[in-house]
Amino acid sequence: MDTFAELNQKQQEAVQAIKGPVLILAGPGSGKTRVITQRVAYLIKVVGINPRRILAVTFTNKAAKEMVERLEKLVSGAVKNLTVGTFHAICAKILRIDGKANGIPMEFVIYDADDQMSVIKRCMQELNLDPKQHIPQAIAAAISNAKSKMVAPADYVKHSRSYFEEVIGRVYERYEKNLFESKALDFDDLLLKTVRLFRKHAEVLARYQERYIHVMVDEFQDTNLVQYELIKQVGEKYRNICVVGDPDQSIYSWRSADLRNILSFEHDYPDAKVILLEQNYRSTKNILETASNVISVNQKRKAKRLWTDNDTGERTMVVEAYTEQEEAQFVVREIEQLVANDKFRLGDFAVMYRTNAQSRVLEEAFIRYGVPYRLVAGTRFYERREVKDVIAYFRLIQNPQDSVSLQRIINVPGRGIGPTTSAKLSVWAQSMGASVYDTLRILVDSKQKKDANAEDIPFNGRAGDALARFSEIMVEFIERSQKTNLVELFDFVLESSNYKQFTLNDPDGAERWENILELRTVAQQYRELSPREALAAFLEGVALVSDVDGYDAMLDRVTLITLHQAKGLEFPVVFIVGVEEKLLPHIRSMDDPDQLEEERRLCYVGITRAKQRLYLLHAFRRTFMGQSAVNPPSRFLEDIPKRLITTPGWSQREETKVSDAVYSWNRVRVDETEGKKEKSLHLPSTDLKAGDRVRHSIFGDGVVVSNKKVKSDNEVTVAFSGQGIKKLLLSLAHLEKI
DNA sequence: GCCTCTGGATTTTTT
DNA sequence: ATCCAGAGGC
């Protein structure tokens, strides 16, 4: 089905241009993914390149996984030897193996944004900086920015131009020192330290250069300077560098993505072959034209002329609602109608918005009308407290110098080591020039020996005992980690740390515990490795992956998603809501021409996700941060020629005000078609009410006390016989009505 | 050591 | 409106 012959002429050219640098500019829906996979398959099957010698970089783990899956069908077993992954995953692997040459310990841990903030706050404390005067988030962003541009702390300090920059410089230096002592790398470090390693150790770089005959990078428009540098380094020997991207879809400049990379590729590689993929296979002519008109206003842009053989299709529907509630209502109604007419299924629809805050009112409407939906990325699994806590235990086992993890769990569950004791411990550690963990060991040793130095230990009986006890269990964990398999270790740690008990006692215990069990199944995936390797692989996996299962495109539900997250996806019907000044473009981007161009690209990305129907909605009046305001329609709407647009007539508008009862037949319909697939996430919310009897897999039978909406879910309070009252999240708890 | 209260902020978040 | 961090009270 996916064969070479089915590619158009340009695509074939892109697949076969395997000598030297290649820049593929791929418009939306131009079959980019197919080209990339076909190209790899071509290299292996036709050219006879050993898969081991191909490097393919993607931007998400999901994209990497998809690429591997597609390739499996084309070249079967050969994929095993390919290097496919994100920049971060690939760099982590390189540093794990070769980092030692540049002073990076093999057991380093990876700090995420959360851990980073902890370190920054600690640094600021140590430097006596008031977090109210200098906002830690801003400092974190500045440091990350500096790292993305390969500016070292010393350089930063040298070139600081203002008091604020000077402060940042000081925190930056301290921050680096802290990370080093914790044997930790942040996300930016993974890239930066790899580039540095390659610069300093030509022999290491040479090995990778020699190995990778072909280097490919997807989503090149979103790479930053370090990433580009990395590609240049690795690809230098063979110069078979193929980058694929679309400058018009660059929407991550605020994360240091640098559009100049793609714009200057031809400058850096004058012999680069440039291939434009301009035929669109996704959208109708009207949608594509709408998109082109919006994007063509941008000044800093390579001209590109997209075209399609697809039908003209429906006109773009531009809808003005009175309020955001009416806007949401229109969306739901329209979806119900299209589904009722058997034109589409729920999975065909996506509703997109600029800010997460907008999802709320949409959810309320979907719940009210009983239309199943899926909110992409509510609370991320790995950001949940209990998940982070448990991971912290394992990070500490692998690397006891990890101060962030230690701080996190030293008193979780509570073991009598409060802030005072904790602070005292850090001070003592600093005075001895040792890490906190090593200090704990010293404490235990001297306690056991009851030696003469005991008077130096600044802890009286109770605090000292608590610290010693904690230290002892950690030592035991570390010993066991050498020989016990990961899942057994997992269970042991949760039991003996008392974390299991602690969790189950929590009001939200059931939900928390289920998350921990979920994490346990992740740990199970590494059962084939030796204990040491399994632990390392597990930690690396959880550090670099943001979602457990990704999302299931098969699930027949309406998708609610931010414009940013929608990149790379496609839907038969797309609604973009809040197409208003101050929202899209966002108010924070309105005074900077470059940022304004990015907002426009964001709008373009949204529009080009649509295959058959496109709705652009705005509300006359919108409540925003508790304040109601009147926003004019987005300037982007004015760039769409009238001939491409329809606005709904009054009859259609009127209907949105009809009472809920009118839709009840529809709700039943949806229930019937959807119900069996799995216990649906959101449908029962309207059903479960106080007094209902329910059954839970762990707690048994109980009675519903209350059911209230929280964020993207419903919090159901249930009184279980003999188990007490628990608060459960509906989406996770598998409550069965009895 | 835990709980409640208040003040401040609230774009986007592939890793 | 609402969520969160940090301060201060019990």
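FYI, side chains are in, hydrogens and waters are out, and symmetry mates aren't considered; it's all heavy atoms of this structure. Everything numeric in this text was worked out from a predicted model, so none of it was measured. Each chain gets a letter, A, B and so on, in the order its sequence line appears, and its residues count up from 1.
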Listed by chain and number, what are the ring pair (Phe, Tyr, Trp, His ring centres under 6.0 Å) partners of A/Tyr499, not counting sequence neighbours? A/Phe502
Side chains of [Y] and [X]: any donor to acceptor distance under 3.5 Å?
{"X": "A/Ser589", "Y": "A/Glu599", "result": "yes"}
{"X": "A/Tyr111", "Y": "A/Asp402", "result": "yes"}
{"X": "A/Thr323", "Y": "A/Glu326", "result": "no"}
{"X": "A/Gln407", "Y": "A/Ser422", "result": "yes"}

For [X] and [N], give me the distance from atom [atom1] to atom [atom2], rounded to whole Å.
{"X": "A/Arg255", "N": "B/dT13", "atom1": "CZ", "atom2": "P", "value": "10 Å"}
{"X": "A/Phe624", "N": "C/dT2", "atom1": "CZ", "atom2": "C1'", "value": "13 Å"}
{"X": "A/Gln116", "N": "B/dT13", "atom1": "CD", "atom2": "C1'", "value": "12 Å"}
{"X": "A/Glu219", "N": "B/dT14", "atom1": "CD", "atom2": "P", "value": "13 Å"}
{"X": "A/Gln249", "N": "B/dT14", "atom1": "CD", "atom2": "C1'", "value": "14 Å"}
{"X": "A/Met124", "N": "C/dA5", "atom1": "CE", "atom2": "C1'", "value": "14 Å"}
{"X": "A/Asp130", "N": "B/dG8", "atom1": "CG", "atom2": "C1'", "value": "14 Å"}
{"X": "A/Ile561", "N": "B/dT14", "atom1": "CD1", "atom2": "C1'", "value": "12 Å"}

Need one value for A/Lys582: base, sugar-phosphate or nothing, where a base atom within 4.0 Å counts as base even if backbone is also close, heavy atoms only. nothing
Classify A/Asp222 by what it touches in the nucleic acid, base, sugar-phosphate, or nothing, heavy-atom distance under 4.0 Å. base
Could you tell me whether A/Arg96 sits above the aromatic face of A/Phe108, with NZ or CZ closer than 6.0 angstrom to the six-membered ring centre and within 45 degrees of the axis? yes
What integer number of Å spans the P atoms of C/dC4 and B/dT13? 16 Å
Please tabulate, for the side chains in residues 222-234 of chain A, all donor-acceptor contacts under 3.5 angstrom to protein atoms that are two or more places apart in sequence or on a different chain.
| residue | atom | partner | partner atom | Å |
| --- | --- | --- | --- | --- |
| A/Asp222 | OD2 | A/Lys567 | NZ | 2.2 |
| A/Thr223 | OG1 | A/Phe220 | O | 2.7 |
| A/Thr223 | OG1 | A/Asn261 | ND2 | 3.0 |
| A/Asn224 | OD1 | A/Val226 | N | 3.1 |
| A/Asn224 | OD1 | A/Gln227 | N | 3.0 |
| A/Gln227 | OE1 | A/Asn224 | N | 2.8 |
| A/Tyr228 | OH | A/Asp268 | OD2 | 2.8 |
| A/Lys232 | NZ | A/Asp268 | OD2 | 3.4 |
| A/Gln233 | NE2 | A/Val195 | O | 3.3 |

Steps toward salt bridge (Lys or Arg N to Asp or Glu O under 4.0 Å) verdict (A/Lys147, A/Glu176): CA-CA 11 Å; A/Lys147 287 190 175 189; A/Glu176 289 295 283; 2.8 Å; yes
Could you please spell out the steps behind the side chain to side chain contact (heavy atoms under 4.5 Å, CB included) verdict for A/Leu583 and A/Tyr353? CA-CA 9 Å; A/Leu583 217 44; A/Tyr353 36 84; over 6 Å; no
Are any of A/Asn61's side-chain N or O atoms less than 4.0 Å away from OP1 or OP2 of B/dT14? no
Using a 6.0 Å cut-off, check whether atom NZ of A/Lys388 has over 12 heavy atoms from anything other than its own residue. yes
Within a 6.0 Å radius of atom CZ on A/Arg260, are there more than 12 heavy atoms belonging to other residues, nucleotides or ligands? no
Nearest heavy-atom pair of A/Pro247 and A/Leu25: which atoms, and what distance? CD-CD2, 3.8 Å
Quick one: which protein N/O atoms are closer than 3.5 Å to N/O atoms of nucleotides 9-12 of chain B? Pair and distance per line, please.
| residue | atom | partner | partner atom | Å |
| --- | --- | --- | --- | --- |
| B/dT11 | OP1 | A/Arg588 | NH1 | 2.7 |
| B/dT11 | OP1 | A/Arg588 | NH2 | 3.0 |
| B/dT11 | O4' | A/His586 | NE2 | 3.2 |
| B/dT11 | O2 | A/Arg354 | NH1 | 2.8 |
| B/dT11 | O2 | A/Arg354 | NH2 | 2.2 |
| B/dT12 | OP1 | A/Asn356 | N | 2.6 |
| B/dT12 | OP1 | A/Asn356 | OD1 | 3.2 |
| B/dT12 | O4' | A/Arg354 | NH2 | 3.2 |
| B/dT12 | O2 | A/Trp254 | NE1 | 3.3 |
| B/dT12 | O2 | A/Arg354 | NH2 | 2.6 |
| B/dT12 | O2 | A/His564 | NE2 | 3.4 |

How are the rings of A/Phe366 and A/Tyr373 set to each other: parallel, tilted or perpendicular (split at 30° and 60°)? tilted
Working to the nearest 0.5 Å, report the span between OH of A/Tyr382 and CG of A/Asn515. 10.5 Å
Between the protein and nucleotides 7-10 of chain C, are there any N/O to N/O pairs under 3.5 Å, and if so, what are the atom names and distances?
none

Write out a two-atom table: protein N or O, nucleotide N or O from nucleotides 1-4 of chain B, distance below 3.5 Å.
| residue | atom | partner | partner atom | Å |
| --- | --- | --- | --- | --- |
| B/dG1 | OP1 | A/Gly418 | N | 3.0 |
| B/dG1 | OP2 | A/Gly418 | N | 3.3 |

Let's test your reading of the pairing rules: Watson-Crick or G-U wobble, both distances under 3.5 Å, then write DNA chain C as a dot-bracket string with ( ), [ ], | and dots. ||||||||||
